[in-house]
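Only one structure is covered here, and it is reproduced in the block below.
All ligand and atom numbering here is 1-based and tracks the order in the structure. All figures in this text were calculated on a predicted structure; none of them were measured in a lab.
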Amino acid sequence: MKTVTLHNKTFDIYITSDEISDIVNSIANQINNSGIKDPLFIAVMNGAFLFASDIMRKITIPNTEISFIKLSSYSGTQTTGKVSELIGIEGNISGRNIVVLEDIVDTGITLDKIITLLKKENVADIKIATLLFKPDAYTKDIHIDFIGKSIPNDFVVGYGLDYDELGRNLPHIYKLKD
Ligand code: IMP
Ligand code: MG
């Protein structure tokens, strides 16, 4: 499908599933070669669920674990500027080497919140991997270790990303038609 309509908006195809799998493979290779030991991946729900499931199959580091947190900040096509923690960190993660898996980093407010939560748990190390990054919207100084693709300030859906909960199941990524 070249275009999709979700709620009242139309989106054009932007990143195909083939391109997404190349990007995911490239991030997985970088993580595999980064020297991280016994990583605990933390995927940020809901948006990162497909990214996390695809990338985890490519991770070959011994003693790899994965866990999930659930945060929410978007309403419609805009950030509310406030992040709510819907499901928090489970169990004792102190001393762990964390790799955060994000679908997209936009303003960075969500990322900032995650880093604050992780630091409270006294983790040993935090690395960030994101499928997509919007550098023009980013307001934080937090270094992002693994970036799949940097994109302009467009609203995108598909492959886990939603517009008011619709579009997460699309295999390709689409952007809002202007
Ligand atoms: P941030 O806190 O502004 O960096 O936004 C991060 C979160 O907002 C992401 O994890 C997404 O869930 C959501 N988000 C940001 N940009 C988009 C977009 O273009 N489409 C869908 N969701 C987005
Ligand atoms: Mg998200």
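Taken together through direct or relayed side-chain contacts under 4.5 Å among Ile, Leu, Val, Met, Phe, Trp and Tyr, I42 and I87 form parts of separate hydrophobic clusters.
Between the side chain of D112 and the backbone N or O of G108, no donor-acceptor pair lies under 3.5 Å. Put simply, the side chain of D145 gets close to the backbone of I128: a donor and an acceptor are under 3.5 Å apart. Listed for the N32 side chain is a donor-acceptor partner under 3.5 Å among the backbone atoms of K58.
Ring geometry for Y163 against H7 counts as perpendicular: the plane angle is over 60°, on a 0 to 90° scale with 30° as the lower cut. The aromatic rings of Y138 and F133 lie perpendicular to each other, with more than 60° between the two planes, well past the 30° mark.
Residue-ligand proximity, E102 to ligand 1, at heavy-atom distances under 4.0 Å covers atoms 10 (O). Of all atoms in ligand 1, numbered sequentially from 1 with element shown, those under 4.0 Å from a heavy atom of T107 are 1 (P), 2 (O), 3 (O), 4 (O). Near F155, meaning under 4.0 Å from one of its heavy atoms, ligand 1 places the atoms 18 (C), 19 (O), 20 (N), 21 (C). Listed by number with element, the atoms of ligand 1 under 4.0 Å from a non-hydrogen atom of L161 are 21 (C), 22 (N). Those atoms of ligand 1 with a heavy atom of D154 less than 4.0 angstrom away are 19 (O). Below 4.0 Å from some heavy atom of I109 lie the following atoms of ligand 1, by number and element: 2 (O), 4 (O).
Between V105 and ligand 1, no pair of N/O atoms sits closer than 3.5 Å.
Selection from K175, K134, R168, K113 by nearest heavy atom to atom 19 (O) of ligand 1 gives K134. Of all the listed residues (T130, V44, V156), V156 holds the heavy atom that lies closest to atom 21 (C) of ligand 1.
The proximity of L71 to ligand 1, defined as any non-hydrogen pair under 4.0 Å, does not occur for either the backbone or the side chain.
Defined by atom type and a distance below 3.5 Å, a donor-acceptor pair is present between the side-chain atoms of S94 and N92. A donor-acceptor contact under 3.5 angstrom links the side chains of D54 and Y159, judged on distance only.
Using 4.0 Å as the threshold, L111 has no heavy atom nearer than that to any atom of ligand 1.
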